[in-house]
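I'd like to ask some things about the structure below.
For reference, positions follow the sequence shown, starting with 1.
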Amino acid sequence: MKKVSVRVKMYPGCEDLFPAKAHADDAAFDLKSRLDTVLKPGRSQIVPSGVFIELPVNYEAQIRPRSGLAAKFDLMLTNSPGTVDAGYRGEIGIIMYNGGRNDFEIKRGDRIAQMVITELPEVELLDSENLSESKRGSGGFGSTGV
(Lines give C-alpha, C1' and ligand atoms only; values in the text may rest on other atoms or scores of the structure.)
Protein backbone atom coordinates (compact mmCIF):
# COMPACT_ATOMS: atom_id res chain seq x y z
CA MET A 1 0.00 0.00 0.00
CA LYS A 2 1.38 3.38 -0.90
CA LYS A 3 1.54 6.18 1.65
CA VAL A 4 0.21 9.60 0.67
CA SER A 5 1.17 12.78 2.50
CA VAL A 6 -1.50 15.43 3.10
CA ARG A 7 -0.49 18.76 4.58
CA VAL A 8 -2.76 19.94 7.42
CA LYS A 9 -2.96 23.45 8.85
CA MET A 10 -5.01 24.21 11.94
CA TYR A 11 -7.02 27.31 12.81
CA PRO A 12 -5.08 29.33 15.42
CA GLY A 13 -5.51 27.82 18.88
CA CYS A 14 -7.04 24.61 17.54
CA GLU A 15 -4.00 22.33 17.47
CA ASP A 16 -5.81 19.99 19.90
CA LEU A 17 -8.47 19.36 17.20
CA PHE A 18 -6.01 17.82 14.71
CA PRO A 19 -7.80 15.05 12.73
CA ALA A 20 -7.08 11.57 14.00
CA LYS A 21 -8.25 8.00 13.63
CA ALA A 22 -9.74 6.43 16.76
CA HIS A 23 -8.21 3.07 15.78
CA ALA A 24 -5.26 2.29 13.53
CA ASP A 25 -7.42 0.28 11.11
CA ASP A 26 -10.20 2.90 10.81
CA ALA A 27 -10.95 4.21 7.32
CA ALA A 28 -11.67 7.76 8.43
CA PHE A 29 -10.15 10.60 10.43
CA ASP A 30 -12.47 12.17 13.00
CA LEU A 31 -13.26 15.85 12.55
CA LYS A 32 -14.21 17.92 15.58
CA SER A 33 -16.10 21.14 16.13
CA ARG A 34 -13.91 24.18 16.80
CA LEU A 35 -16.70 26.02 18.63
CA ASP A 36 -19.70 25.58 20.88
CA THR A 37 -23.01 25.79 19.05
CA VAL A 38 -26.59 24.55 19.11
CA LEU A 39 -28.25 22.81 16.17
CA LYS A 40 -31.94 23.68 15.99
CA PRO A 41 -34.42 20.98 14.90
CA GLY A 42 -35.18 20.96 11.19
CA ARG A 43 -32.25 23.26 10.35
CA SER A 44 -28.85 22.96 8.68
CA GLN A 45 -25.80 24.78 9.98
CA ILE A 46 -22.15 24.89 8.95
CA VAL A 47 -19.96 23.85 11.87
CA PRO A 48 -16.28 24.81 11.44
CA SER A 49 -13.66 22.11 12.07
CA GLY A 50 -10.55 24.27 12.37
CA VAL A 51 -8.92 22.05 9.69
CA PHE A 52 -7.37 23.20 6.41
CA ILE A 53 -5.80 20.63 4.09
CA GLU A 54 -3.65 20.46 0.97
CA LEU A 55 -4.50 17.35 -1.00
CA PRO A 56 -2.36 16.00 -3.84
CA VAL A 57 -3.82 16.30 -7.34
CA ASN A 58 -6.20 13.39 -8.14
CA TYR A 59 -7.25 13.04 -4.49
CA GLU A 60 -10.36 14.13 -2.65
CA ALA A 61 -11.46 14.19 0.97
CA GLN A 62 -14.99 12.91 1.57
CA ILE A 63 -16.73 14.33 4.63
CA ARG A 64 -19.15 11.76 6.02
CA PRO A 65 -21.54 11.57 8.97
CA ARG A 66 -20.80 9.68 12.16
CA SER A 67 -23.14 6.73 12.53
CA GLY A 68 -23.62 7.16 16.27
CA LEU A 69 -24.85 10.75 15.89
CA ALA A 70 -27.30 9.63 13.20
CA ALA A 71 -28.60 6.63 15.14
CA LYS A 72 -28.89 8.28 18.54
CA PHE A 73 -29.75 11.91 17.73
CA ASP A 74 -31.04 12.04 14.11
CA LEU A 75 -28.07 14.20 13.07
CA MET A 76 -26.89 14.00 9.48
CA LEU A 77 -24.80 15.86 6.98
CA THR A 78 -26.91 17.76 4.47
CA ASN A 79 -24.57 17.11 1.53
CA SER A 80 -23.32 13.67 2.49
CA PRO A 81 -20.73 12.87 1.50
CA GLY A 82 -19.27 16.32 1.12
CA THR A 83 -16.30 16.64 -1.20
CA VAL A 84 -13.12 18.62 -0.54
CA ASP A 85 -11.28 19.11 -3.83
CA ALA A 86 -7.50 19.11 -4.16
CA GLY A 87 -7.43 22.83 -4.97
CA TYR A 88 -9.48 23.96 -1.94
CA ARG A 89 -7.48 25.62 0.83
CA GLY A 90 -10.24 26.98 3.07
CA GLU A 91 -11.42 25.65 6.40
CA ILE A 92 -13.39 22.42 6.25
CA GLY A 93 -16.94 23.19 7.33
CA ILE A 94 -19.39 20.42 8.18
CA ILE A 95 -22.96 21.09 7.02
CA MET A 96 -24.92 19.42 9.81
CA TYR A 97 -28.69 18.89 9.87
CA ASN A 98 -30.71 18.21 13.01
CA GLY A 99 -33.52 15.84 12.01
CA GLY A 100 -34.56 15.38 15.62
CA ARG A 101 -37.18 17.21 17.68
CA ASN A 102 -34.85 18.84 20.19
CA ASP A 103 -31.97 21.29 20.13
CA PHE A 104 -28.63 19.47 19.90
CA GLU A 105 -25.73 21.04 21.75
CA ILE A 106 -22.27 20.73 20.24
CA LYS A 107 -19.23 21.53 22.37
CA ARG A 108 -15.81 22.52 21.08
CA GLY A 109 -13.85 19.30 20.53
CA ASP A 110 -16.89 17.07 19.93
CA ARG A 111 -16.38 14.61 17.08
CA ILE A 112 -18.95 15.63 14.47
CA ALA A 113 -17.89 14.04 11.17
CA GLN A 114 -15.40 11.73 9.48
CA MET A 115 -12.95 12.46 6.68
CA VAL A 116 -11.94 9.77 4.19
CA ILE A 117 -9.15 10.59 1.75
CA THR A 118 -9.39 8.77 -1.56
CA GLU A 119 -7.46 8.62 -4.79
CA LEU A 120 -9.38 9.46 -7.95
CA PRO A 121 -8.74 7.84 -11.30
CA GLU A 122 -8.06 10.05 -14.28
CA VAL A 123 -11.35 9.91 -16.20
CA GLU A 124 -12.12 10.85 -19.79
CA LEU A 125 -15.80 11.39 -20.63
CA LEU A 126 -16.63 10.35 -24.17
CA ASP A 127 -19.58 11.83 -26.06
CA SER A 128 -21.64 8.92 -27.36
CA GLU A 129 -24.92 8.42 -29.23
CA ASN A 130 -25.43 4.90 -27.82
CA LEU A 131 -24.68 3.00 -24.62
CA SER A 132 -24.30 -0.76 -24.27
CA GLU A 133 -27.19 -2.81 -22.96
CA SER A 134 -27.19 -4.02 -19.35
CA LYS A 135 -29.43 -6.25 -17.26
CA ARG A 136 -30.55 -3.29 -15.16
CA GLY A 137 -31.09 -0.93 -18.07
CA SER A 138 -32.61 2.39 -17.03
CA GLY A 139 -34.27 1.03 -13.87
CA GLY A 140 -33.57 3.17 -10.82
CA PHE A 141 -35.17 4.99 -7.88
CA GLY A 142 -36.54 1.90 -6.18
CA SER A 143 -36.99 -0.26 -9.28
CA THR A 144 -35.57 -3.32 -7.49
CA GLY A 145 -38.13 -3.15 -4.68
CA VAL A 146 -37.73 -2.81 -0.95
Kindly give the heavy-atom pair with the smallest separation between P56 and A86, and that separation in Å.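 Reported closest heavy-atom pair: O-CB, 3.5 Å.
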Does the side chain of K32 come within less than 4.5 Å of D110's, by heavy atoms?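 In short, these two side chains do not touch, never coming nearer than 4.5 Å.
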Should the pair R66-D30 be classified as a salt bridge under the 4.0 Å nitrogen-to-oxygen rule?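 Yes, R66 and D30 are salt-bridged.
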Looking at R34 and E91, is there a salt bridge between them, counting it only when a charged N and a carboxylate O are closer than 4.0 Å?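 Salt bridge present between E91 and R34.
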Would K2 and E119 count as a salt bridge (Lys or Arg N to Asp or Glu O under 4.0 Å) here? Give the steps. CA-CA 11 Å; K2 71 177 174 180; E119 185 174 14; 3.2 Å; yes
What about L120 and I117, same hydrophobic cluster or not, with Ile/Leu/Val/Met/Phe/Trp/Tyr joined at side-chain heavy-atom distances under 4.5 Å?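 Cluster IDs for L120 and I117 differ.
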Got a donor-acceptor contact below 3.5 angstrom from the N98 side chain to the G100 backbone? yes
So if you build clusters from Ile, Leu, Val, Met, Phe, Trp, Tyr with side-chain heavy-atom gaps below 4.5 Å, do Y97 and I92 land together?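 As far as the 4.5 Å side-chain criterion goes, I92 and Y97 are not connected within one cluster.
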In the single-linkage hydrophobic clustering (I, L, V, M, F, W, Y; side-chain heavy atoms under 4.5 Å), do Y88 and I94 co-cluster?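 The answer is yes; both residues are in one hydrophobic cluster.
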Short side-chain donor-acceptor distance under 3.5 Å, T37 and Q45: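 Q45 vs T37: donor-acceptor pair found between side chains.
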Between I46 and I112, is there a shared hydrophobic cluster once you connect ILVMFWY residues whose side-chain heavy atoms come closer than 4.5 Å? no
Nearest 0.5 Å, please: how far is CG in L77 from OG in S44?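 These two atoms lie 9.5 Å from each other.
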Can you tell me how far the CD1 atom of I106 sits from the CG atom of L75, to the nearest 0.5 Å?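 Going from CD1 on I106 over to CG on L75, the span is 7.0 Å.
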Enter the distance from D74:CG to L39:CG here, rounded to the nearest 0.5 Å.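 Reported to 0.5 Å precision, the distance equals 12.5 Å.
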Any non-hydrogen side-chain atom of V4 less than 4.5 Å from a side-chain atom of Y59?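 When only atoms from C-beta onward are counted, Y59 and V4 do touch, with a gap below 4.5 Å.
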Let me confirm one number: the CD1-CZ distance from I63 to F29, rounded to the nearest 0.5 Å.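 I63 CD1 to F29 CZ: 11.5 Å, rounded to 0.5 Å.
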Can you list the steps and then say if R89 with E54 is a side-chain contact (heavy atoms from CB on, under 4.5 Å)? CA-CA 6 Å; R89 296 294 185 270; E54 181 180 331; 3.2 Å; yes
For P81 versus R64, what's the shortest heavy-atom pair and its separation?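 Heavy atoms only, the tightest pair is CB-CG, 4.0 Å.
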List, one per line, each side-chain donor-acceptor pair under 3.5 Å for residues 14-21, sequence neighbours excluded.
| unit_1 | atom_1 | unit_2 | atom_2 | d |
| --- | --- | --- | --- | --- |
| D16 | OD1 | R108 | NH2 | 2.9 |
| D16 | OD2 | R108 | NH1 | 2.8 |
| K21 | NZ | D26 | O | 3.1 |

So F104 and F73, would you call those rings parallel, tilted or perpendicular, with 30° and 60° as cut-offs?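 Rings of F104 and F73: tilted, 30 to 60°.
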Could you walk me through whether Q62 and T118 pass side-chain contact (heavy atoms from CB on, under 4.5 Å), step by step? CA-CA 8 Å; Q62 294 182 2; T118 55; 4.1 Å; yes
Checking T78 against M96 for the side-chain contact (heavy atoms from CB on, under 4.5 Å) test, could you report, in this order, the C-alpha distance in whole Å, the side-chain angles of both residues, the deciding distance, and whether it holds? CA-CA 6 Å; T78 307; M96 299 189 73; over 6 Å; no
Inter-residue atom distance S80.OG - I95.CD1, 0.5 Å rounding: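 CD1 of I95 is found 10.5 Å from OG of S80.
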Using a 6.0 Å cut-off, check whether atom OH of Y11 has over 12 heavy atoms from anything other than its own residue. no
State, yes or no, whether a side-chain contact exists between L31 and R111 at a heavy-atom distance under 4.5 Å.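 They are not in side-chain contact.
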